[in-house]
*Asks:* 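What follows is a single structure, and I will ask about it in a moment.
Only heavy atoms go into these numbers, but all of them, side chains included; no hydrogens, no water, no symmetry mates. On a predicted model such as this, the values are computed, not experimentally measured, just so you know.
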Amino acid sequence: MVIQNKGRSILDRDRVLFWGGIIFALTQLLLPIFMNLIDLQLRAIHVILGISLASLAYPYGKPDQENKKITFWDICIIAIIIVANVNIFLKAMKIYMIPGSGTTVDLIIGTLLIIVILDAARRSVGWAIPIFVGVLFLYVFLGPKLSGIWRLPGLSWRFVLNSVYFSALGIYGSITGMSATFIAMFIIFGSLISGAGGGKTFIDIALALTGKYRGGPAKTAVVSSALFGSISGSGVANVVVTGSYTIPLMKRLGYNPDFAGAVEAIASTGGGITPPIMSVAAFIMAEFLGIPYLKIIVYALIPCLLYYTGVFAGVHFETVRLGLAAVPENEIPTWESILKFKRLAALIIPMAVLLYFIGIGRALIFAGFYACVAVIVVFILSDLSSEGLKDTLIKIRDGLSEGGLALCKIVPILASVGILVNMIGITGIAPKLSSVIFELGGDNLLLALFIATIIPFILGTSLPVVPTYILSISILAPSLIRLGVDQIALHLFFIYWAILGGVTPPTCTQAIVAAGIAKGNWFKTAIISVKLGIVAFVIPYFFVLNPALVGRSDTIPVITYTVSAFFGAILMAYGFFGRVKGNLNSIFRFIYVGSGFLMMCPNHILSIIGVVVILPILFYQYNLTKRIELAKSE
């Protein structure tokens with residue numbers, strides 16, 4: 001986004017957002033590294049800049065010409081944000097030393113800030129989080145009048161407001177702490193990589209790898225989206241960057257618009273679970289569990305491979321069924337044009353720097369900082385001519401602005417989630433929900449998982465990945481861990497269900513954006529996305545039931561279950577998209593999907609049953625195909 005500043009008013013909203021994004025990005029890059037601030041002080045600065053910019057980025061009313069200017073109401077809201085956070089900044093030591101000591105004035109200011117933050121979250125992602133928070137505040141009021149496990153001891157409003165505002169919990173708790181440190185670093189890192197031309201480079205690499213093969217356009221979308229998504233961490237951004245090229249290419253070469261949009265949507269969604277960078281949720285997972293991030297990468301690898309095996313196989317079978325061709329040779333970039341220092345250095349060197357510092361045990365915030373510095377330095381060194389240097393500095397400036405604005409849009413969400421998590425803690429709602437899950441599921445882990453899926457599924461259709469994951473873990477993890485679930489498998493389970501909201505109706509943000517680019521039907525696009533990504537909807541249950549599918553077992557079980565699941569994913573894709581011959585088409589498709597499902601189960605007996613069921617069908621299909629080909633030749 002390049003903003004022309006000439007002739008602009010100082011109250012121009014776009015101008016303030018552009019330069020505000022740069023200031024926010026630079027503050028988040030430099031302040032945690034070079035300034036020795038108390039945690040609360042850093043978080044207060046983060047909230048001031050993040051919520052203020054978010055309030056401007058999501059103005060009240062319709063986005064008409066009047067909203068191009070900053071209004072008096074905007075200034076009032078920003079004034080509340082500044083006053084409330086400066087108050088925390090100046091009283092940080094008092095908050096740590098005398099918890100719950102907020103005066104009436106402090107709590108009035110805090111109440112106004114809570115309202116502003118929840119309203120910013122509403123304008124950002126809708127009513128979901130404000131409603132959840134409102135219900136819990138209402139529960140504080142009504143709880144003493146309820147009976148049974150839902151009865152709540154009386155909590156004073158002074159206690160609640162102190163906990164939410166005037167403490168190192170709630171607004172300024174660990175979630176905002178993560179947002180102010182390594183989450184900010186990695187969002188800015190992704191924006192700098194994108195500004196350095198990462199999206200186009202990933203598309204060209206994917207074209208060179210897959211373009212010449214049958215189904216090349218769709219396979220290019222899968223590969224490029226996986227590559228770019230592992231850096232960007234945003235499914236929607238992934239769809240926009242890679243889909244703007246791959247979707248028109250797929251349509252031009254014969255793919256149905258709904259299928260073209262679905263391929264891009266489901267491939268982009270998977271970027272959040274694709275090593276080595278994955279998504280911000282994976283870094284939060286490492287922080288929650290206190291384990292090295294590189295181990296998270298290893299654990300996520302097998303499910304990711306199975307996910308993209310299913311997507312890639314579905315694309316291939318649909319291409320074969322439709323008889324579509326590869327990308328024309330003159331549109332496929334050569335490796336000579338790709339493998340240039342200027343194009344690859346700003347991708348490979350920063351990622352290597354990031355993984356090196358993570359590998360030697362440095363804190364995520366420092367690893368992210370060094371990676372951001374590496375992007376900037378390498379990008380500048382790639383072209384030292386006067387014209388090239390000017391162009392590079394403009395792209396770095398724009399990348400910083402985009403990074404700051406991307407960050408500000410999640411600050412109200414994460415601050416609101418911090419409030420929600422704090423309210424869950426002080427009301428004791430999590431163990432009460434655990435009791436309900438135990439009552440409904442008993443000792444049946446699979447049934448308990450199905451029940452537990454409801455919350456991340458509902459949250460994921462209206463919230464981004466990070467808040468969905470954090471809330472799901474906060475509310476549901478205790479009850480499932482009591483059933484003996486592997487913690488790492490459980491965290492990955494909730495990350496998967498958090499990302500799947502992007503393609504699951506009714507909201508399905510990625511599918512809607514992809515359908516818009518493809519000019520297709522968003523609902524059909526979403527349904528095809530679900531079919532292409534069917535592996536992602538079943539594999540989380542399997543790796544929780546048997547952690548061998550996340551590499552947490554002996555070598556032989558890991559290999560055998562992974563190989564069986566690999567072929568199972570292909571069979572399921574064939575059942576949905578393959579060219580099934582014969583009068584029993586629908587029945588055969590059902591058998592293919594069912595057999596694939598059984599082969600994906602991490603259970604030797606079920607896998608063998610799947611093989612036994614599908615072998616006669618494969619044999620029948622093979623003979624039928626031979627007879628048809630023989631008849632044609634005669």
Side-chain angles (χ1 to χ4, degrees), residues 24-25 27-33 35 37-51 54 85 88 92 117 121 124-125 129 164 167-191 232-234 272 277-293 296 354 357-358 361-369 371-372 403-404 406-425 459 463-475 477 487 491-492 494-495 498-499:
F24 193 23
T27 300
Q28 288 300 150
L29 279 174
L30 302 175
L31 212 61
I33 305 298
M35 292 291 289
L37 295 174
I38 301 171
D39 286 346
L40 272 177
Q41 292 177 325
L42 175 63
R43 295 169 191 179
I45 293 171
H46 179 72
V47 172
I48 285 177
L49 292 171
I51 304 296
N85 284 283
I88 294 296
I117 289 173
S124 175
V125 291
I129 293 179
V164 172
S167 75
L169 304 170
I171 296 172
Y172 305 102
S174 61
I175 294 171
T176 300
M178 289 186 277
S179 176
T181 52
F182 64 84
I183 291 177
M185 286 293 181
F186 287 107
I187 288 175
I188 296 166
F189 174 68
S191 295
S232 72
S234 167
I277 306 301
M278 299 176 66
S279 68
V280 170
F283 292 104
I284 297 174
M285 175 181 168
E287 194 79 5
F288 277 162
L289 294 174
I291 61 176
Y293 177 71
I296 302 293
L354 175 66
F357 282 106
I358 291 175
R362 295 302 298 271
L364 289 174
I365 185 171
F366 288 104
F369 172 74
C372 289
L407 177 59
C408 84
K409 291 172 183 178
I410 71 163
V411 173
I413 302 169
L414 293 180
S416 299
V417 169
I419 296 172
L420 187 52
V421 169
N422 187 43
M423 292 297 294
I424 289 169
L459 291 173
L463 296 178
V465 173
V466 172
T468 300
Y469 162 67
I470 293 172
L471 288 174
S472 300
I473 284 294
S474 302
I475 297 170
Q487 286 198 55
H491 278 256
L492 286 172
F494 286 123
I495 287 177
I499 70 166

*Asks:* Is the backbone N or O of Phe357 less than 3.5 Å from a side-chain atom of Arg362, with the two atoms forming a donor-acceptor pair by type?
*Replies:*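 The answer is no, because no donor-acceptor pair under 3.5 Å joins these two groups.
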*Asks:* Would you check if Val164 and Ile171 make a side-chain contact, meaning some heavy-atom pair closer than 4.5 Å?
*Replies:*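 Val164 vs Ile171: side chains touch.
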*Asks:* Between Gln28 (side chain) and Ala180 (backbone), is there a donor-acceptor pair under 3.5 Å?
*Replies:*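 Here the side-chain-to-backbone pair exists.
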*Asks:* For residues Ala367 and Ile358, report the shortest heavy-atom separation together with the two atoms involved.
*Replies:*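 Answer, listing the atom of Ala367 first, then Ile358: CB-CG1, 3.7 Å.
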*Asks:* Can you tell if the side chain of Val280 reaches within under 4.5 Å of the side chain of Ile410, non-hydrogen atoms only?
*Replies:*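 Contact flag for Val280/Ile410 side chains = no.
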*Asks:* Can you tell me how far apart CD1 (Ile33) and SG (Cys372) are? Round to the nearest 0.5 Å.
*Replies:*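 Atom-to-atom, Ile33:CD1 and Cys372:SG are 9.5 Å apart.
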*Asks:* Considering non-hydrogen atoms only, spot the tightest contact between Phe369 and Leu29 and give its length.
*Replies:*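 Of all heavy-atom pairs spanning Phe369 and Leu29, the closest is CD1-O, 3.4 Å.
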*Asks:* Do you know which two heavy atoms are closest between Gly403 and Ile187, and how far apart they sit?
*Replies:*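 The pair with the smallest heavy-atom distance is O-CG2, 3.8 Å.
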*Asks:* Calculate, to the nearest 0.5 Å, the distance between atoms CG and CG belonging to Leu364 and Leu354 respectively.
*Replies:*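 Those atoms lie 8.5 Å apart.
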*Asks:* Can you tell me how far CD1 of Ile129 sits from CG of Leu471, rounded to the nearest 0.5 angstrom?
*Replies:*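 It comes to 6.5 Å.
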*Asks:* In the structure I gave you, are the side-chain heavy atoms of Thr27 and Met35 within less than 4.5 Å of one another anywhere?
*Replies:*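 No, every pair of side-chain atoms sits at 4.5 Å or beyond.
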*Asks:* Listing request: all side chain to side chain donor-acceptor pair (under 3.5 Å) pairs with a residue in residues 175-188, at least two apart in sequence or in separate chains.
*Replies:*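 Residue pairs passing side chain to side chain donor-acceptor pair (under 3.5 Å), neighbours aside: His46-Ser179.
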*Asks:* Measure the shortest side-chain to side-chain distance between Phe182 and Ile284 over non-hydrogen atoms and say whether it is less than 4.5 angstrom.
*Replies:*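 Yes, side chains in contact.
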*Asks:* Please report the interatomic distance CD(Glu287) to CD1(Ile296), rounded to the nearest 0.5 Å.
*Replies:*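 Atom-to-atom, Glu287:CD and Ile296:CD1 are 11.0 Å apart.
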*Asks:* Taking all non-hydrogen atoms of both residues, which atom of Tyr293 and which atom of Ala282 are closest, and how far apart?
*Replies:*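 Residues Tyr293 and Ala282, closest heavy atoms: CE1-CB, 3.8 Å.
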*Asks:* Does the side chain of Leu37 come within less than 4.5 Å of Ile45's, by heavy atoms?
*Replies:*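 Side chain of Ile45 against side chain of Leu37, heavy atoms only: contact under 4.5 Å found.
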*Asks:* Do Phe494 and Met285 come close enough that some side-chain heavy atom pair is under 4.5 Å?
*Replies:*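 Sidechains of Met285 and Phe494: no contact.
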*Asks:* How close do Val465 and Ala281 get, counting heavy atoms only, and between which atoms?
*Replies:*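 Looks like CG1-CB, 4.0 Å.
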*Asks:* About how many Å separate CD1 of Ile51 and CG of Asn85, when rounded to the nearest 0.5 Å?
*Replies:*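 Reported value, rounded in 0.5 Å steps: 8.5 Å.
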*Asks:* Only pairs at least two apart or in different chains count here, so list each side chain to side chain donor-acceptor pair (under 3.5 Å) that has a residue in residues 407-425.
*Replies:*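 The answer is Ser163-Asn422.
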*Asks:* What are the two closest non-hydrogen atoms of Ile413 and Ser124, and how far apart are they?
*Replies:*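 For Ile413 versus Ser124, the nearest heavy atoms are CD1-OG, 3.6 Å.
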*Asks:* Run Phe288 and Gln487 through side chain to side chain contact (heavy atoms under 4.5 Å, CB included) and show every step you take.
*Replies:* CA-CA 10 Å; Phe288 277 162; Gln487 286 198 55; over 6 Å; no
*Asks:* Are any of the side-chain heavy atoms of Met185 and Phe366 separated by less than 4.5 Å?
*Replies:*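 Result no, sub-4.5 Å side-chain heavy-atom pair not found.
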*Asks:* Describe, in one word, how the ring planes of Phe283 and Phe186 are oriented to each other, choosing from parallel (under 30°), tilted (30 to 60°) and perpendicular (over 60°).
*Replies:*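 Ring orientation of Phe283 relative to Phe186: parallel.
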*Asks:* How far does CD1 of Ile48 sit from CD1 of Ile88, to the nearest 0.5 angstrom?
*Replies:*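 Going from the CD1 atom of Ile48 to the CD1 atom of Ile88 covers 10.5 Å.
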